Amino acid sequence: EIGGQISDPLAMYMADIYTVSVNLAGLPAVAVPCGFTGEGLPVGMQFIGNSFEEKKLIKMAGAYQQLTDYHRKRPEIFGSTEILGKGGAK
């Protein structure tokens, strides 16, 4: 549920604890899709780099996507997990 944790500050804090520290440190990061849960929801993986290493992160994310096809699949919640064409979502 969108906004469901607003009344629970501890739950909001715990949801952000793994990403906020990267932002506060000023480190570059990129997230890529890496699979689906048993319920069919998408899962992402975050790569975090050293300061001013954005180019290296982008190359790594691109290489990961060349080896997998998760970035082209749709969650079952949308009707199927068909692989999308190079143009993106239909």
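Values in this document were obtained by computation on a predicted structure and should not be read as measured data.
- Side-chain contact between F36 and L41 is absent, with no heavy-atom pair separated by less than 4.5 Å.
- Nearest heavy-atom pair across L57 and G49 is CD1-N, 3.6 Å.
- Across all their heavy atoms, G44 and C34 have their closest contact at C-SG, 3.7 Å.
- Under a 4.5 Å side-chain heavy-atom criterion applied to ILVMFWY residues, the cluster that includes L27 comprises V22, I48 as well.
- Using a 4.5 Å cut-off on side-chain heavy atoms (C-beta onward), P33 and Q65 make contact.
- Taking hydrophobic clusters as Ile, Leu, Val, Met, Phe, Trp and Tyr residues chained together by side-chain heavy-atom distances below 4.5 Å, M45 shares a cluster with V30.
- Annotation: salt bridge (Lys or Arg N to Asp or Glu O under 4.0 Å) contacts of K59 (sequence neighbours excluded): none.
- Taking CD of E53 as the reference point, atom CE of M60 lies at 10.5 Å (rounded to 0.5 Å).
- How far OH of Y64 is from NE2 of H71: 10.0 Å, rounded to the nearest 0.5 Å.
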